Protein chains: 2
Amino acid sequence: MDNNNKYETPSLSHSFGRLILQLRKLERQPRTFEGIGPLTPSELHTIDAIGPEGSVLMSELAARLGITKGAVTQLIARLETKELVVRSMHPTDQRSTLISLTVQGKAAYMMHEELHQAFYKQLQTQMSPEEIAIFAKTIDKFIFALDH
Amino acid sequence: MDNNNKYETPSLSHSFGRLILQLRKLERQPRTFEGIGPLTPSELHTIDAIGPEGSVLMSELAARLGITKGAVTQLIARLETKELVVRSMHPTDQRSTLISLTVQGKAAYMMHEELHQAFYKQLQTQMSPEEIAIFAKTIDKFIFALDH
DNA sequence: GGAATTAGTATAGTAACTAAACTTAAACTT
DNA sequence: AAGTTTAAGTTTAGTTACTATACTAATTCC
């Protein structure tokens with residue numbers, strides 16, 4: 001046996017493969033929010049990236065989400081028709097557009113955040129604080145390894 | 001401060017948010033394989049799910065990938081035109097179709113597997129065996145928590 | 001020997017992008 | 001001051017990766 005791993009665990013590659021398939025599934029499931037309607041994962045990520053306070057440039061949003069500016073234009077257009085987001089002028093640069101959440105948008109943000117909190121609370125019943133700590137730390141190393 | 005977490009770590013929710021955006025990005029990047037050409041992430045997951053030996057039913061493939069049978073039909077059709085996969089008859093059930101990898105398909109499988117191995121080897125330079133073990137274990141709990 | 005189930009396919013529609021060409025504004029260059 | 005380059009954002013057409021629905025054919029279940 002050329003595997004001298006002395007820790008009896010599920011294989012990392014196997015677990016990670018399952019995680020990816022699970023996340024792919026999760027990431028194509030829209031979620032419906034009370035008084036707002038269904039929001040796709042991309043819409044939710046965008047709302048998340050804007051944040052509940054202040055405003056963000058289109059290009060900054062593209063950078064945060066890791067997508068092109070063209071994709072952001074399309075997403076913001078859709079969120080604008082849903083009245084979750086507003087565009088406003090940049091005070092000094094006429095080229096720039098500032099995006100911020102409407103009252104409705106903030107409500108969606110909060111409800112989504114609560115879902116997250118509930119999830120992490122539920123996770124704490126399954127994992128010890130030590131495990132959670134290592135998990136968070138290793139995710140960061142993992143991300144680092146992902147983009148070399 | 002109502003956060004009595006005594007472990008100084010990046011917040012799990014923050015790390016996980018970043019992980020999701022990173023994986024979304026990764027999961028829309030095709031990879032090119034020597035002598036085969038570019039393969040999309042979905043195509044690679046499908047090849048992975050078929051495996052290098054034996055054959056798999058369409059419906060089993062759909063279950064493994066967590067997508068509908070219709071989606072599998074389309075993916076297999078594409079992989080068939082790329083000559084990475086062949087359909088064959090089920091010995092006793094005329095309705096069923098068995099899918100297996102061609103020689104080319106197995107080559108793609110192997111090259112992809114080598115990429116994975118290289119990634120995990122690189123990860124081992126960043127993480128201790130204990131961390132890797134806990135990471136694998138906690139991913140499983142995490143997946144469990146994801147689908148309640 | 002039907003009736004219900006199961007395996008797979010076909011088709012139309014949607015989400016989530018990208019790439020490339022474009023417009024307008026701002027910042028440099030000389 | 002005029003021209004050039006860069007940056008911000010939009011538009012459009014195309015692709016991938018699905019889903020949902022309706023369908024055909026084979027099998028199993030009374």
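None of these values were measured; they are calculated from a predicted model. Naming convention: chains lettered A, B, ... in sequence-line order (proteins, then strands); numbering from 1 in each chain.
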A:Leu75 near the nucleic acid: base, sugar-phosphate alone, or nothing, with a heavy-atom cut-off under 4.0 Å?
nothing
Under 4.0 Å from OP1 or OP2 of C:dG8: is there any side-chain N or O of B:Ser59 that close?
yes
For A:Phe142 and B:Phe135, I'd like to know if the aromatic rings sit close, meaning centre-to-centre distance below 6.0 Å.
yes
So, OP1 or OP2 of C:dT18: does either fall under 4.0 Å of a side-chain N or O from A:Thr68?
yes
Counting any heavy atom closer than 4.0 Å, what does B:Thr46 reach on the DNA or RNA strands: base, sugar-phosphate only, or nothing?
nothing
State plainly whether the residues B:Glu131 and A:Lys141 are in salt-bridge range, i.e. N to O under 4.0 Å.
yes
Examine C:dA16: is either OP1 or OP2 under 4.0 Å from a nitrogen or oxygen in the side chain of A:Arg78? Give yes or no.
yes
Report which part of the nucleic acid A:Thr73 touches: base, sugar-phosphate, or nothing (heavy-atom distance under 4.0 Å, all strands).
base
Residue met sooner reading DNA chain C from 5', once A:Asp93 and A:Lys69 are mapped to nucleotides:
A:Lys69
Distance check: side-chain N/O of A:Thr40 vs OP1/OP2 of C:dA16, anything under 4.0 Å?
yes
Leading and trailing nucleotides of DNA chain D with any atom under 4.0 Å from heavy atoms of chain A:
D:dA7 to D:dT19
Can you check whether B:Arg24 has a side-chain N or O nearer than 4.0 Å to OP1 or OP2 of C:dC17?
yes
